[in-house]
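Okay, structure first, notes after.
Residues: numbered from 1 along the sequence shown. This is a predicted model, so every value here is computed, not measured.
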Amino acid sequence: MTCASCAADLAADARFCSRCGTAVVVRPKGAEERKVVSVVFCDLAGSTEMSGALDPELLRTVLLRYYELMSGVIAANGGVVEKFIGDAVMAVFGLTETREDDARRALVAALGMTEAAAGFDAELRRDHGVRLRVRIGVHTGEVVALPDPGERQAFVSGEVVNITARLEQAAGPGEVLVSAAARSAAGAVTVADPRRVSLKGVAEPVEVFRLVDVPPADPERTRRFDVPFIGREADLAALDAAWRRVVDEGAARLLTLVGEPGIGKTRLVAEWLRRDTGSVVIGRCRPVGDGGTLTALAECVAPLVYEVERVASVEPALALLRRGLLRDGTPAPSLDATAAAVARLLAAVAGTRPVLLVIDDCQWAQPSLVAVLDRLLAGLGALPVLLVCVARPDLLDAFPDWETTWPSAETAVVGRLSAPDSARLAAHFADVSTHDTATTEWIVGQAGGNPLYLEQLVAAVEHDDATAGGLPLSLQALVAARIDRLGDAERATLRLGAVVDPDGDGFAAADLAALADGGDHDRALRELVRRKLVEPVADGRYRIANGITSQVAYRGLTKRRRGELHERYAEHLAARAASDALIGTHLAQAHRYQSAVGLPADTLRSRAFGHLDRAGAEALRRVDLPWALTLLEQAADLTTAGDPGRPECLQRLGEVHLTLGRHEQAREAFTTAAAEADRPVTAAHARLHLAMLRQDMAELDRVAAEEFDVFHAHGDDLGLSRVRCVLARSHQRRGEQGRALNVLEPALRHALAAAADREVANALGAIGLSLWHGPLPAARATEQCRALLAAHRDRGAVQATLGFALTMLHAIQARTAETAAALADAQEAMAAMSYAESRFFRPLLGALVAAHGADWDQARWQLREALSAASAVRADSLVRQTRLELARVHLAEDDTGAAGELVRGLTVDDSADLANLLGVAARVEPDPGRATELARRAVATARRTDSPADHGRALLDLAHTHARLGRPVPALSAARAAERRFAAKGHAVGSARARRMISELGGRPR
């Protein structure tokens, strides 16, 4: 062997290098790793005076004794002497083996070193009249470790080493200075004299403490068994109420308990089950690391078996369950048979007492489990069974029909703790006497009422350097210790899995084989499954058990190694013709890490951009806006001015921002795209969208007309579709619905040619609007809408845009059943969309349908929701439209004051909206002459449009105005004219309202 520090030859049994004194540590040869370690730096104070007072031979003897004392204390606490540098000793805890209490061991060792040095100091003072005092610094953080002493390189490197050395220099004789990170990672320790010190080579001052004591470890405190249950009275009451309903009504029900991760759902249920309310709890299921898709249900059913195993009628069901569900959690021989058998077993138990089933973490439920629960609830019927499903919101995303499948289902949301309750809980998570009030308030504010976040923030304590990769160091150490105890093959396999599958979607052994030369990954995966670090999923695939384990495993790789693996995996994915998004993501990671360590990465950057940009463009085309935003932002971040494709990427990114209602980000992207574009079409698209953002309709019309020539000259179907939709909207604003349809037909053809789903949906939505408001009779317009919807239903947004108009066409014809069905379809489609405006149009559509059905309370409530949504996205035209509709609801309720407030100061440009505004204004105007003038202007304005419904509404407003002013004859004439115009459209609701007014005026409806 040779010394890692000076390369001198070493004896086989040497403990220290005979030339430089470096400790000899035999470690397994391996690659560099990134690890969270605790570093102890110890140096002699006043060594110059001691060396001047002692003979060189005696000095050497003293120093060797000093080295031996320090090394003994370090080794006794599980540390490794990394090196001796002159009088200094550098030790590392967590280098060769990670323990969850490495930071605590480091602090215990530091105090032990001061005690050992003090004893030696007393001896030296007595025998030689010299002092030997040490000063020590301790810091915890991430380092690059080389577990091979034969490489003649430093074992660890990184800022942690520098900070620790500087802490030692700032310490006084006999003093141990610890960083906030080391203190946080160590847990409950006693410190004093907190202060911020500036350290050479460190950009920001570091908060340090003088270490006083490290009390014995308290497992109860570490595991938080002492934390009381705080708050949640309303949640407990909701659970009690659900149980009482089942007991009182004797019917099966489903209660879904939903809350974000860490919010305390499981703790809430556990607390509820512990309370003696007279109910009988028969089972509570938790997810396991492996097993069948129905394992959770099997855990619920198993405790019931002994109660019914001697009931003859249940024996066939038990036999069936033992062959599948109770054996391995599988639905053998079938889902139907399994559900029927479970229902038979539950019926036997529920015949004697109510039954409570709890299934936790349902967000991980497979469709087969959901299918069994569906059949089970349907089969239980009038039996007193309560099924409580505890889940994150992901459950409702994975199974959108979850809340509506079962009539007896209800959902309770577990909300965040209040600030006072959070402060009370924080007091139990840490010794708050070491924090001032401001710190506690900061922790509570940052946690946002999430108990898990609260606990982790308290553990992290005050400083960013107390975390690694966003995880508190204590949590990082806990998971890293489990990983470090794995064999080499298992640890390598786990880390490869973290590279391949950072999001937990799953990976196969073949994926790992593409990254590593050799290795039995199948065997390693089986061992990882046994240790509950990896869990099997369908089709021979696996996933790491949780995101924290994945993150810690991944961070164990050096950045150079991460870059190599991501690049290699990207090549593997490309050979398999995987998606651009997946290939681009791995190439972007490869670029990030290789450039971080100074390796050439321009080619990687260019390739990553190409894949991500193509994937983002495709996601935008399919109107998958959140995914498009993620991909295009990643792509744009890889570019600088002048890069090929950058303006087009920014143009697409701006479109996503605009559709999501992020106007400032959209404006910035469009402006940059327009300035940098070297293709006329790209610049034209950017200018057109900038005009849309300014919401100046006249300017938008002008820009659309100008850019039409650009798009036409370059054969750009996407641009032609967009400008034609803008021009059609101009016709619609003037009430020229027929002319708008003439422009929209080619707009739709261009959108289809461009294969742009969003533009197809926009064109169809505009067509539906003109069919709804235009002169075509409602019955024929409805058939056209249905035909268009049937032809384009597979394009996601079409159900929302065209469905809006179809719903209203049914509504004006008073087709109640058809209206309800179309409304449900359209609103479901809107709920699934990410459009910012969908949050407006969904309640607006509901309000309009309610208003046509004279449900004024519902209409008013939903219009207020729509008004709030329109204001949030700063859509001025939508705000004006909603205020007008809300004013009409108030008029229907004879609340002219509220209606007048809504239209006071309101200005509109559209002919239809202007006629609407003038009609409302006439009906609330107190001055007879002014009211008559406004009503007549409304009729004249409406006549400039080709919309029979707008004509009818204006004439009916004129009739109401005359009637209010005591003019029955002209009122009757206007009402009859209104009825004729509504009838021409087939507007049954408008016709009925006109006829009702005719009757009130003493006339006879036709």
Side-chain angles (χ1 to χ4, degrees), residues 580-581 584-585 588 591-592 605 608-679 681-697 699-700 703-704 707 718-719 722 725-726 756-759 761-762 796-797 800 830 832-842 868-879:
D580 278 314
T585 297
H591 164 262
R592 172 188 174 190
R605 180 172 71 90
F609 168 76
H611 285 286
L612 290 171
D613 186 45
R614 283 193 297 274
E618 175 62 17
L620 176 60
R621 187 192 69 77
R622 292 183 285 101
V623 205
D624 189 347
L625 297 178
W627 186 221
L629 178 65
T630 297
L631 293 167
L632 292 171
E633 282 187 329
Q634 290 180 8
D637 286 343
L638 289 167
T639 66
T640 58
D643 283 349
R646 171 179 157 90
E648 289 73 23
C649 176
L650 289 173
Q651 157 63 26
R652 285 188 282 270
L653 180 58
E655 292 177 29
V656 177
H657 284 311
L658 177 61
T659 312
L660 292 172
R662 299 154 58 106
H663 291 182
E664 293 306 318
Q665 296 93 325
R667 184 174 290 106
E668 180 181 352
F670 290 137
T671 301
T672 305
E676 295 183 7
D678 55 4
R679 295 181 63 241
V681 167
T682 303
H685 278 291
R687 289 192 294 268
L688 182 64
H689 282 102
L690 284 169
M692 292 178 184
L693 276 168
R694 286 189 281 272
Q695 298 191 49
D696 184 328
M697 297 300 106
E699 180 191 1
L700 179 58
V703 171
E707 306 305 346
L718 181 63
R722 285 173 173 168
C725 281
V726 171
D757 286 5
R758 187 170 58 135
E759 276 61 36
N762 288 343
M830 291 177 195
M833 292 169 59
S834 302
Y835 284 36
E837 277 114 346
S838 67
R839 292 189 292 273
F840 161 80
F841 283 111
R842 190 180 184 196
S868 176
S871 300
V873 296
R874 292 176 293 177
D876 295 342
S877 62
L878 301 182
V879 169

Nearest atoms (heavy-atom pairs only) where [X] meets [Y]:
{"X": "Ala677", "Y": "Ala683", "value": "CB-N, 3.8 Å"}
{"X": "Ala608", "Y": "Gly584", "value": "CB-O, 3.9 Å"}
{"X": "Ala761", "Y": "Ala797", "value": "CB-CB, 3.6 Å"}
{"X": "Ala588", "Y": "Leu612", "value": "CB-CD1, 4.1 Å"}
{"X": "Phe609", "Y": "Ala635", "value": "CD1-O, 3.3 Å"}
{"X": "Leu878", "Y": "Ala870", "value": "CB-CB, 3.9 Å"}

Distance (rounded to the nearest 0.5 Å) between [X] [atom1] and [Y] [atom2]:
{"X": "Thr659", "Y": "Leu620", "atom1": "OG1", "atom2": "CG", "result": "7.0 Å"}
{"X": "Asp696", "Y": "Asp876", "atom1": "CG", "atom2": "CG", "result": "11.5 Å"}
{"X": "Arg646", "Y": "Thr640", "atom1": "CZ", "atom2": "OG1", "result": "6.5 Å"}
{"X": "Leu718", "Y": "Arg758", "atom1": "CG", "atom2": "CZ", "result": "8.0 Å"}
{"X": "Cys649", "Y": "Arg614", "atom1": "SG", "atom2": "CZ", "result": "12.0 Å"}
{"X": "Glu707", "Y": "Arg687", "atom1": "CD", "atom2": "CZ", "result": "4.0 Å"}

Are side-chain heavy atoms of Asp613 and Leu632 found at a separation under 4.5 Å?
-> yes
Does the side chain of Leu629 come within less than 4.5 Å of His657's, by heavy atoms?
-> yes
Could I get the full list of ring pair (Phe, Tyr, Trp, His ring centres under 6.0 Å) partners for His689, not counting sequence neighbours?
-> Phe670
Derivation of the side chain to side chain contact (heavy atoms under 4.5 Å, CB included) call for Met692 and Val726 | CA-CA 9 Å; Met692 292 178 184; Val726 171; 4.0 Å; yes
Can you name the salt bridge (charged side-chain N to carboxylate O under 4.0 Å, His left out) partners of Glu618, sequence neighbours left out?
-> Arg621, Arg622
Without swapping roles, check the side chain of [X] against the backbone of [Y] for a donor-acceptor pair under 3.5 Å.
{"X": "Arg605", "Y": "Leu638", "answer": "yes"}
{"X": "Gln651", "Y": "Ala686", "answer": "yes"}
{"X": "Thr639", "Y": "Ala636", "answer": "yes"}

Side chain to side chain donor-acceptor pair (under 3.5 Å) partners for His685, two or more places apart | Asp716, Arg722
